Amino acid sequence: MIVSVDRRASHTFAYRFQQWRYHSAPSWLFSLPVMVLMAVLLIYPMIQSIFWSFTNFNGYSPDYEFVGLANYLRVFTQDTLLAGLSFTLLFAAATTVMITAFAIPLALILNKAFFGRNFVRSIVFFPSVPSLALLALVWAFILNPLGSGALNSVLEAWFGIGPFPWLSNAELAKLSVIVVAVWSATGWHAILYLAYLQSIPGEYYEVAKIDGASALQRFRYVTLPLLAPAVTISTLLLLTGGLKVYELPFVLTAGGPGTATWTITQSIIVGGVGQGNYGLSSALSTVFMFAVAAIVLVQLWASRRAERNIL
């Protein structure tokens, strides 16, 4: 009896091994290069950064000493960090809300049939094609706070007002950076919503019309529930991108005036590479990584719950 059970177990194991060999093993082999690349480019640097955060490593000398939690204590006492934290949170929240508010109606318009629709879609999508650094250089010329700036020249010539300190006033600089970010990303997210809109069967709207639903009711009870997954993806990308923003405010305002548009990533890069405080910057990046992970998890939980409530 025991022998027969062992034979059945061995046959079952051999069968499962053959199934894994012919079905799962090839997929693992194809995934292996990507996994190795991720380990080399992502996991190893992350572990190394966590290690350096407990040292006074300056990035140049091979000699370093362990300082325990000293770097983590210094992280929360830096004025530039607190300034960067406030603007980073403001930027992430403002861009997420504003882009979502503009992208969904824009996608609804682009989903309608009209002359030149494909051309308009291309124009809307175009601002997301160039890099943010290049866009920031262009907008730095447009928003130049001097009278020679493109926007100030137009306002003065046409309306007789200005010049306005778009990039030299703290509040206007924050507003300018956020507006440029919204302008550059709204088209991309509108196309994302458009892709989901085009996947909604037209029969749903026909049934809603037969039932006497208005345009607003059709949007509330048909379009919005089926767009919920797209909203989750879009807001996740916007939130993570907003929290790690660097090139746009750095090129547009260099973090100024003062530290008005200073970001956390700028503190990490400038403090680590520019000032040789790799240990302190590693501690800041470690704290920032876990904080972003926590925010993203909360956002995903809230989005999934909202999806269930809508549906």
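If you're wondering where the values come from, they're calculated on a predicted model, not measured in any experiment. Positions are given from 1 along the sequence. Just the heavy atoms: all of them, side chains too, but no hydrogens, waters or symmetry mates, feed the values below.
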K.L.:
Decide yes or no for Asn169 and Pro257: does some side-chain heavy atom of the first lie under 4.5 Å from some side-chain heavy atom of the second?
P.N.:
no
K.L.:
Does Arg74 have more than 12 heavy atoms from other residues, nucleotides or ligands lying within 6.0 Å of its CZ?
P.N.:
no
K.L.:
So, do Asn71 and Phe57 sit near enough that their side-chain heavy atoms are less than 4.5 Å apart?
P.N.:
no
K.L.:
Closest heavy-atom contact between Val177 and Pro249?
P.N.:
CG1-CB, 4.1 Å
K.L.:
Hey, any chance Val292 and Phe87 share a hydrophobic cluster, counting ILVMFWY side chains that come within less than 4.5 Å of each other, even indirectly?
P.N.:
no
K.L.:
Is the shortest side-chain heavy-atom distance between Gln299 and Leu236 below 4.5 Å?
P.N.:
yes
K.L.:
State the CG-OG distance between Leu280 and Ser285, to the nearest 0.5 angstrom.
P.N.:
9.5 Å
K.L.:
Can you find a heavy atom in the side chain of Phe91 that is under 4.5 Å from one in the side chain of Ile178?
P.N.:
yes
K.L.:
Side chains of Ser86 and Leu90: closer than 4.5 Å at any heavy-atom pair?
P.N.:
no
K.L.:
Working note: Leu197 + Leu108, criterion side chain to side chain contact (heavy atoms under 4.5 Å, CB included); need CA distance, chi angles, decisive distance, verdict.
P.N.:
CA-CA 8 Å; Leu197 284 174; Leu108 293 173; 3.8 Å; yes
K.L.:
Ignoring hydrogens, what is the shortest heavy-atom contact between Leu167 and Leu143? Give both atom names and the distance.
P.N.:
CG-O, 3.6 Å
K.L.:
Are there more than 12 heavy atoms of other residues, nucleotides or ligands under 6.0 Å from atom CZ of Phe114?
P.N.:
yes
K.L.:
Do Val180 and Leu134 belong together in a cluster built from hydrophobic side chains that touch within less than 4.5 Å?
P.N.:
no
K.L.:
Between Thr259 and Trp262 (side chain of the first, backbone of the second, donor and acceptor by atom type, cut-off under 3.5 Å), is there such a pair?
P.N.:
no
K.L.:
Using a distance-only test with no angle check, is there a side-chain donor-acceptor pair under 3.5 angstrom linking Tyr204 and Thr223?
P.N.:
no
K.L.:
For Tyr221, what residues pass the side chain to side chain donor-acceptor pair (under 3.5 Å) criterion, not counting sequence neighbours?
P.N.:
none
K.L.:
Show, in sequence, the C-alpha distance, side-chain angles and deciding distance for Ser53 and Tyr72, and conclude whether the side chain to side chain donor-acceptor pair (under 3.5 Å) test is met.
P.N.:
CA-CA 8 Å; Ser53 68; Tyr72 289 92; 2.6 Å; yes
K.L.:
Testing the basics here: between Ala260 and Ala170, what is the closest heavy-atom pair and its distance to 0.1 Å?
P.N.:
CB-CB, 3.8 Å
K.L.:
What's the spacing between Ser199 OG and Leu226 CG if we round to 0.5 Å?
P.N.:
7.5 Å
K.L.:
For Gln198, is the CD atom crowded, meaning more than 12 foreign heavy atoms sit under 6.0 Å from it?
P.N.:
yes
K.L.:
Of all the heavy-atom pairs spanning Phe54 and Gly68, show the shortest one and how long it is.
P.N.:
CD2-O, 3.3 Å
K.L.:
Is there a continuous path of hydrophobic side-chain contacts, each under 4.5 Å between heavy atoms, that joins Leu237 to Val245?
P.N.:
no
K.L.:
Cut-off 3.5 Å, side chains only: do Asn152 and Trp166 have a donor facing an acceptor?
P.N.:
yes
K.L.:
For residues Ser49 and Ser282, determine if any side-chain heavy atom of one lies less than 4.5 Å from a side-chain heavy atom of the other.
P.N.:
yes
K.L.:
Do Phe288 and Ile268 make a side-chain contact, defined as non-hydrogen atoms from C-beta onward lying under 4.5 Å apart?
P.N.:
yes
K.L.:
For the OG1 atom of Thr186 and the CD1 atom of Ile99, what is their distance to the nearest 0.5 Å?
P.N.:
5.0 Å
K.L.:
Of the non-hydrogen atoms in Gly84 and Thr88, which two are nearest, and what is the gap between them?
P.N.:
O-OG1, 2.6 Å
K.L.:
Tell me the side-chain hydrogen bond (donor to acceptor under 3.5 Å, both in side chains) pairs involving residues 96-121, sequence neighbours left out?
P.N.:
none
K.L.:
Are any side-chain N or O atoms of Glu206 and backbone N or O atoms of Glu203, one a donor and one an acceptor, separated by less than 3.5 Å?
P.N.:
no
K.L.:
When hydrophobic residues are tied together by side-chain contacts of less than 4.5 Å, even through go-betweens, does Trp188 share a cluster with Ile233?
P.N.:
yes
K.L.:
Just by distance, no angles: are the side chains of Thr55 and Glu65 close enough, under 3.5 Å, to form a donor-acceptor pair?
P.N.:
no
K.L.:
Counting C-beta onward and ignoring hydrogens, is there a side-chain heavy-atom pair between Val231 and Ile104 closer than 4.5 Å?
P.N.:
yes
K.L.:
Cut-off 3.5 Å, side chains only: do Thr261 and Thr253 have a donor facing an acceptor?
P.N.:
yes
K.L.:
Taking Phe51 as the fixed residue, which of Tyr278, Phe66, Tyr44 is the one that meets the ring-ring contact (aromatic ring centres under 6.0 Å, His included) rule?
P.N.:
Phe66
K.L.:
Of all heavy-atom pairs between Ala190 and Ala107, which one has the smallest distance, and what is that distance?
P.N.:
O-CB, 3.4 Å
K.L.:
OG/Ser234 to CG/Leu239 distance, rounded to the nearest 0.5 angstrom?
P.N.:
11.0 Å
K.L.:
Can you tell me how far apart CG (Leu284) and OG (Ser281) are? Round to the nearest 0.5 Å.
P.N.:
6.5 Å
K.L.:
State the CG-OG distance between Leu135 and Ser184, to the nearest 0.5 angstrom.
P.N.:
6.0 Å
K.L.:
Do Val129 and Leu106 belong together in a cluster built from hydrophobic side chains that touch within less than 4.5 Å?
P.N.:
yes
K.L.:
Could you tell me whether a side-chain N or O of Arg218 sits under 3.5 Å from a main-chain N or O of Tyr205, the two making a donor and an acceptor?
P.N.:
no
